[in-house]
Amino acid sequence: MEDLNSVTVGPLKRRVRQRRRIHEIIKTKLQRNLSCSGPKVKRTLTGFFPVVKWLPKYKVKEYIWGDLMSGLIVGIILIPQAIAYCLLAGLDPIYGLYTSFFANIIYFFMGTSRHVSVGIFSLMSLMVGQVVDREVYLAGFDLNDDSTKNAFGLNGTAETNTTVVNLKITALNMECGKECYAISIATALTLLAGVYQVLMAVLRLGFVSVYLSAPMLDGFATGASCTILTVQAKYLLGLKIPRHQGYGTVVVTWINIFKNIHKTNFCDLITSAICIIVLVAGKEIQDRYKDRLKIPMPTELVVVAVATIVSHFADLNGQFSSSISGAIPTGFIPPKVPSIELMPRVAFDAIPLAVISFAFTVSLSEMFAKKNGYTVRPNQEMIAIGFCNIIPSFFHSFTTSAALAKTMVKDSTGCQTQVSSIVSALVVLLVLLFFAPFFYALQKCVLACIIIVSLRGALRKFRDVPKQWRESKIEAIVWLVTMSSTALISVELGLLIGVVFSMICVVVQTQNPKVSLLGQIEQTNDFEDMEEYDNLSPIPKVKIFRFQAPLFYANKDFFLKTLYKATDLEPFLEITRRRKLEKKAVKKTDSVDQTNGDVSVSLISKDLDFHTIILDCSCISIIDTTGVSTFKAVLKDYKEVGINVILACCNTTIIDSLRRGSFFGAGDKDMERLSFHTIQSAVCFATGTTQPVNDSSV
């Protein structure tokens, strides 16, 4: 509500805004949100299911070819990746196919982006796998990939020093086995992550992603890629090493690899070398000739097909003990409610999963929407990715997110709408129903090669560090700290350390901002930093000080310190010096009738080369009560030594804060002497010259 009545202060009129009472605001929101009508129901449904709005307008002749091609290509790429990323998640390959199928279907109905590809993602798989392996290990199962038996001895005690877990959970483990328990952990984790994301959308907590800066996310992705590379390295060599539990996975895993290097399976090693050469060559050819190639090369699918055929007919598993994927069932497993008993164990683990998943999804959605000239609704994107986790968790799926590589493929192959996601889901469905058993003989080292080669983009970020250092040292340090902590400590702690460290960097920058003394540009009414520019003229007897940051409790000491240094005058020390001079003068003249003020006045005219300080507040966006008190102290202290302090270029937020803090004293008349719209009008006031009418004080 705005009142047309206004307060006249100088030539400008500030509108007086009347704040509505809290109960009125609550009443209005309740009436708006709880009321029910036909148009509102329709608007809610179309908002919750955007497909209802855009599908009837689908231009078949214009869109169908691009959607079919992009969906088919992404589906072909998706199949080997869905199987491979299950290695990271510590789950059977069939669950990766389930995840890819259901995520594409649900996002088709609920997503607002036309190009984003939602499904299995290496980073999400890694984070899920760490939780799954930890819980499987704590439950007493053997983490050896080829072992399906429980690790408890005959007497029911653990042969290794495992943490004792709840007896009900142990009984559940013994009843359903390692694979069943692993997917139970993954589905419980996924359901919680989806619930968190929907709650964040309902509570409008999407601003959380603001604190995930681009350097921090890049560093996190690169550090996680180092972890993924390390976890998959054992498959390249055919080593059977359980995944390390706890901190320092990268270091400990490499130590274990070198300790067991003599057990290398040369069949897996040779296969890995060949696959990596072919995959990298395919990627390089794709990158070099992407303008000529109309569709991406299905290198991964070709490698998987050839490797499976060779492994089957050469019997690499029987002849050389090469690890293979094993039986992949066809069809769908009956849906099952995720275990409520397991949820308390993974409740905290689901938080970083939820945040990272929605952060990547929203950022990719906005990036490709901007590129293709349309808009997305971030809040609906959070709801969509939340339900892409909630609903599939009942169908034996694990956490999903938008994936950059597959999204770029969709965009480059002519994708127009999310109809392409349906096509991709149908491709996955064909594999689920008919072709899944054919991957029985596929070696795990081939899947590891696919995962490792897919990390090329993230690992190439190391080459950008020198350039980033030249552009912004602080952002480069954020990247290095996040990457190092993610790779060397753990993925979850790396994310937390990255967020905290990047926020600390922001605070440090506001605590130590740039300050400057301004001079006038010749033949203009503009002012700039005298340290940065030549040919600037200082105003006689006036110092103009600019503080380039918000003024609050954390940097008020820095403000005072830099102000004293810039003006070369600290009021307290000046007063102390004058008192000493006064005492000496009194002793010499034996004139005790003179007051301190009289002596000070006589000394001011002799010693100081300026009489006014103008504080340029154009860069001060906010000010707290401590900042207001600091301004009041500066005004009072400099006044005691005969220096006037006035403000210039204050925004209305600063003006209101100063008013509430009684900075202007008697009211609008004092305000006219203390605050000015422009530096030029403040200079005119300070020097006593005539100023233009348009530049008069507030």
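Without hydrogens or angle criteria, Ser485 side chain to Thr482 main chain gives a donor-acceptor distance under 3.5 Å. The backbone N or O of Ser113 lies less than 3.5 Å from a partner atom in the side chain of Gln418, making a donor-acceptor pair. Looking only at distances, no side-chain donor or acceptor of Ser323 sits under 3.5 Å from a matching main-chain atom of Lys444. Ser70 places a side-chain N or O within donor-acceptor distance of the main-chain N or O of Asp67, the cut-off being under 3.5 Å. Between the side chain of Ser311 and the main chain of Ala441, a donor-acceptor pair closer than 3.5 Å is present. Of the possible polar contacts, none joining the Asp411 side chain to the Thr407 backbone as a donor-acceptor pair under 3.5 Å is found. With Thr330 contributing its side chain and Phe435 its backbone, the two residues share no donor-acceptor pair below 3.5 Å. Formation of a donor-acceptor pair under 3.5 Å by the Thr253 side chain with backbone atoms of Val250 is not found in this model. One N or O on the side chain of Ser424 and one on the backbone of Gly71 form a donor-acceptor pair closer than 3.5 Å. A donor-acceptor pair under 3.5 Å is absent between the side-chain atoms of Thr46 and the main chain of Val52, judged by distance alone.
Applying the side chain to side chain contact (heavy atoms under 4.5 Å, CB included) criterion to Met367, with sequence neighbours excluded, gives Leu364, Leu404. Every residue was checked against the ring-ring contact (aromatic ring centres under 6.0 Å, His included) condition with Tyr196, not counting sequence neighbours, and none meets it. Take Phe102 and apply the ring-ring contact (aromatic ring centres under 6.0 Å, His included) test, not counting sequence neighbours, and it matches Phe332, Phe395.
Counting heavy atoms of neighbouring residues, nucleotides and ligands inside a 6.0 Å radius, atom CD1 of Ile261 exceeds 12 of them. The number of heavy-atom neighbours closer than 6.0 Å to CE of Met343, taken from other residues, nucleotides and ligands shown, is above 12.
The closest side-chain heavy-atom distance from Phe368 to Val376 is not below 4.5 Å. The shortest side-chain heavy-atom distance between Ile257 and Leu239 falls under the 4.5 Å cut-off. Counting heavy atoms from C-beta outward, Tyr98 and Ile333 have side chains that approach closer than 4.5 Å. A 4.5 Å side-chain heavy-atom check between Thr400 and Tyr107 finds every atom pair outside the cut-off. Within the 4.5 Å cutoff, side-chain heavy atoms of Leu496 are placed close to those of Leu493. Taking the side chain as every heavy atom from C-beta outward, Thr271 and Ile274 never approach each other to under 4.5 Å. Using a 4.5 Å heavy-atom threshold, the side chains of Asp92 and Ile183 count as separate. The closest side-chain heavy-atom distance from Tyr181 to Val136 is below 4.5 Å.
Atom-to-atom distance recorded for Leu217:CG and Phe360:CZ is 5.5 Å, nearest 0.5 angstrom. Between atom CG of residue Leu191 and atom CG of residue Leu342 there is a gap of 11.5 Å, rounded to the nearest 0.5 Å. Atom-to-atom distance recorded for Asn104:CG and Ile422:CD1 is 8.0 Å, nearest 0.5 angstrom. One distance of note links CG of Leu447 with CD1 of Ile324; it measures 11.5 Å at 0.5 Å rounding. One finds the OG1 atom of Thr361 at 10.5 Å from the CD1 atom of Ile356 (value rounded to the nearest 0.5 Å). To the nearest 0.5 angstrom, Ser365 atom OG is 12.0 Å from Arg377 atom CZ.
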* Asked: Can Ser322 and Asp268 be said to form a side-chain hydrogen bond (donor to acceptor under 3.5 Å, both in side chains), step by step?
  -> CA-CA 6 Å; Ser322 179; Asp268 286 345; 2.4 Å; yes
* Could you walk me through whether Val337 and Thr187 pass the side-chain contact (heavy atoms from CB on, under 4.5 Å) test, one step at a time? => CA-CA 9 Å; Val337 178; Thr187 54; over 6 Å; no
* Asked: What do the steps show when you test Lys461 against Met483 for side-chain contact (heavy atoms from CB on, under 4.5 Å), and what is the final call?
  -> CA-CA 10 Å; Lys461 295 289 184 180; Met483 185 277 299; over 6 Å; no
* To do: For the pair Gln380 and Thr112, evaluate side-chain hydrogen bond (donor to acceptor under 3.5 Å, both in side chains) and give the outcome as yes or no after the intermediate values.
  => CA-CA 7 Å; Gln380 177 61 26; Thr112 61; over 6 Å; no
* To do: For the pair Lys410 and Ser420, evaluate side-chain hydrogen bond (donor to acceptor under 3.5 Å, both in side chains) and give the outcome as yes or no after the intermediate values.
  => CA-CA 8 Å; Lys410 289 182 70 172; Ser420 61; 3.1 Å; yes
* To do: Apply the test side-chain contact (heavy atoms from CB on, under 4.5 Å) to residues Val431 and Leu97: give CA-CA distance (whole Å), side-chain angles for both, the deciding distance (0.1 Å), then the verdict.
  => CA-CA 8 Å; Val431 176; Leu97 295 172; 4.1 Å; yes
* To do: Go through Leu279 and Ile276 one step at a time and tell me if the side-chain contact (heavy atoms from CB on, under 4.5 Å) criterion holds.
  => CA-CA 5 Å; Leu279 289 168; Ile276 288 177; 5.6 Å; no
Donor-acceptor contacts under 3.5 Å from residues 73-87 side chains, at least two apart:
| unit_1 | atom_1 | unit_2 | atom_2 | d |
| --- | --- | --- | --- | --- |
| Gln81 | OE1 | Lys406 | NZ | 3.1 |
| Tyr85 | OH | Ser454 | OG | 3.3 |

What pairs of donor and acceptor atoms, side-chain ones from residues 299-310 against any protein atom, are under 3.5 angstrom apart with sequence neighbours left out?
| unit_1 | atom_1 | unit_2 | atom_2 | d |
| --- | --- | --- | --- | --- |
| Glu300 | OE2 | Lys283 | NZ | 2.9 |
| Thr308 | OG1 | Val304 | O | 2.6 |

Anything under 3.5 Å between a donor and an acceptor, one on a side chain of residues 114-127, the other on a protein residue two or more places apart or in another chain? List them.
| unit_1 | atom_1 | unit_2 | atom_2 | d |
| --- | --- | --- | --- | --- |
| His115 | ND1 | Tyr374 | OH | 2.9 |
| His115 | NE2 | Cys415 | O | 3.2 |
| Ser125 | OG | Phe121 | O | 2.9 |

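Scanning all heavy atoms of the two residues, the minimum distance from Leu192 to Ala347 falls at CD1-CA, 3.7 Å. Leu236 and Cys449 make their closest contact through CD2-SG, 3.6 Å (heavy atoms, listed as atom of the first residue, atom of the second, distance). Between Pro329 and Ala436, the shortest heavy-atom distance links the atoms O-CB, 3.8 Å. The shortest non-hydrogen separation linking Lys336 to Ser184 is NZ-OG, 4.5 Å. Heavy-atom minimum distance, Ala487 versus Thr227: CA-OG1, 3.9 Å. Nearest heavy-atom pair, Ile385 versus Met382, reported as atom, atom and distance to 0.1 Å: CG2-O, 3.3 Å.
With 3.5 Å as the limit, one finds a donor-acceptor pair spanning the side chains of Thr190 and Thr399.
Phe387 has its ring centre less than 6.0 Å from the ring centre of Phe48.
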